[in-house]
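This report refers to the structure that appears directly beneath it.
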Amino acid sequence: MEMTDMSLPLQLVLGPLLYFWPREQVMNFYAEASSWPLQRLYLGEVVCSRRQQLRTQDWIALAADIAATGKQAVLSTQALLESESDLKRLRKLIDNGAALVEANDAGAVHLLQQRGLPFVAGPYLNIYNSDTLRLYRRLGAQRWVPPVEMPGDTVRLIAVANPDIETEVFAWGRLPLALSSRCFTARHYQLNKDDCQFRCLEHPDGLTLATRESQDFLAINGIQTMSAGCHSLLDEIAQLPARGVQALRISPQNQHLAAVVQAFAAAIAGEQPVADLSALAPGPLVNGYWHGEAGIVLKEAAHARA
């Protein structure tokens with residue numbers, strides 16, 4: 001999409017796939033996404049080591065294919081390492097020889113720092129203040145993604161105080177809230193984690209959980225707990241550059257993501273998005289964390305358009 005004179009200095013990027021999709025669907029998804037108005041695509045298995053329809057070498061090869069289209073490919077590491085086989089895959093990912101790596105675990109940071117490699121400090125590193133960010137900068141981080149629950153005012157304070165490192169915020173998608181050694185999806189089906197039968201494949205946007213009052217509250221995604229609501233910063237875009245933000249992360253979802261990306265690209269270009277994002281989201285729109293409130297809240301004043 002051609003930028004106008006009203007365009008904002010913001011990059012639009014695709015975050016790593018957090019769900020478990022069949023191999024063919026994943027390959028088709030990235031083949032399509034490589035043509036979208038994105039500057040950067042994150043690839044790799046972040047959530048669960050049992051999700052191996054794509055192996056580490058497949059992700060590395062896919063990163064090379066994305067790079068050949070002229071877009072930057074970044075390989076994201078697993079956020080919760082539990083075994084030597086996890087570490088083996090981590091080392092292989094880090095030693096890919098070409099693509100930048102997003103570190104989502106302190107062990108990944110250690111290995112990258114040992115090799116003198118730059119990296120992206122992912123949202124799972126829990127960077128909550130300037131001192132911590134400066135530490136990761138000294139270790140080699142060139143970009144950071146704040147934790148998804150961090151208020152926008154705090155992001156601004158940290159980002160403005162650290163102009164030598166890029167700030168990328170989670171701008172769209174179900175919020176990845178927590179990880180556990182227990183598989184919630186397997187438990188839902190009364191299965192053991194080691195015999196989960198890969199039931200996550202049946203829930204391409206996670207499995208929504210409701211409260212006793214029948215309000216959608218969370219979504220379970222294997223060992224990951226997510227928000228049921230879909231976090232959106234579309235209506236905050238005009239204020240983001242002043243908060244020190246350089247990039248917006250769009251999290252993959254099963255349907256309608258091309259339209260979501262186009263809506264964000266239009267807003268960055270200073271145009272009026274055509275799509276109604278509430279009809280494209282996997283759950284009700286929310287933005288409470290960004291405004292320092294409960295994450296399940298939609299701040300209507302920020303959401304409404306003049």
Quiz item: Does some side-chain heavy atom of Val297 sit less than 4.5 Å from a side-chain heavy atom of Tyr289?
Solution: no

Can Arg243 and Glu236 be said to form a salt bridge (charged side-chain N to carboxylate O under 4.0 Å, His left out), step by step? CA-CA 11 Å; Arg243 292 181 178 269; Glu236 319 299 328; over 6 Å; no

- Query: Less than 4.5 Å apart, any side-chain heavy atom of Val47 and any of Gln78?
  - Reply: no

Worksheet item: Is any side-chain heavy atom of Leu111 closer than 4.5 Å to a side-chain heavy atom of Arg91?
Response: yes

Determine whether more than 12 heavy atoms belonging to other residues, nucleotides or ligands lie under 6.0 Å from atom CZ of Phe198. yes

Residue pairs meeting ring-ring contact (aromatic ring centres under 6.0 Å, His included), one or both in residues 18-56, sequence neighbours left out, come to Trp21-Phe29, Phe29-Trp36

Pro118 and Leu112 have their tightest heavy-atom pair at O-CD2, 4.5 Å

Worksheet item: Between Asp205 and Arg174, is there a side-chain N and carboxylate O pair less than 4.0 Å apart?
Response: no

Is there a donor in the side chain of Thr167 and an acceptor in the side chain of Trp144, or the other way round, less than 3.5 Å apart?
yes

- Query: Is Glu84 atom CD crowded by more than 12 heavy atoms from other residues, nucleotides or ligands, each under 6.0 Å away?
  - Reply: yes

Exercise for review: Decide side-chain contact (heavy atoms from CB on, under 4.5 Å) for Val148 and His231; before the verdict, give the C-alpha distance in whole Å, the side-chain angles of both, and the deciding distance to 0.1 Å.
Suggested key: CA-CA 9 Å; Val148 296; His231 176 73; over 6 Å; no

| task | Using a cut-off of 6.0 Å, state whether more than 12 heavy atoms not belonging to Gln114 lie near its atom CD. | result | yes

ask   = Is any NZ, NE, NH1 or NH2 atom of the basic residue among Glu82 and Lys193 found under 4.0 Å from an Asp or Glu carboxylate oxygen of the other?
value = yes

What one should report as the nearest heavy-atom pair of Ala263 and Leu234 is O-CD1, 3.9 Å

(Q) Any donor-acceptor pair under 3.5 Å linking the side-chain atoms of Asp164 with those of Gln142? (A) no

Should Leu14 and Leu257 count as side-chain neighbours, where that means a heavy-atom distance under 4.5 Å?
yes

Taking Glu102 first and then Arg249, would you say they form a salt bridge - that is, a charged N and a carboxylate O separated by under 4.0 Å? yes

| message | Are Pro151 and Thr154 packed together at the side-chain level, in the sense that at least one heavy-atom pair is separated by less than 4.5 angstrom? | response | yes

Is the shortest heavy-atom distance from the side chain of Val145 to the side chain of Tyr124 under 4.5 Å? no

#### Entry: Electrostatic pair Glu45-Arg89, nearest N-O below 4.0 angstrom
no

In short, Pro22 meets Leu201 closest at the heavy-atom pair N-CD2, 3.7 Å

To the nearest 0.5 Å, atom CD of Glu32 lies from atom CE of Met27 at 14.0 Å

Any side-chain heavy-atom pair of Leu41 and Gln72 under 4.5 Å
no

Does the distance from a Lys or Arg side-chain N to an Asp or Glu carboxylate O, for Asp58 and Arg23, drop under 4.0 Å?
yes

Side chains of Gln113 and Tyr136: donor-acceptor distance under 3.5 Å anywhere? no

Notebook entry, point to check: Taking everything shown except Arg115 itself, do over 12 heavy atoms lie less than 6.0 Å from its CZ?
Noted result: yes

- Query: Going by heavy atoms in the side chains, are Glu168 and Gln246 under 4.5 Å from each other?
  - Reply: no

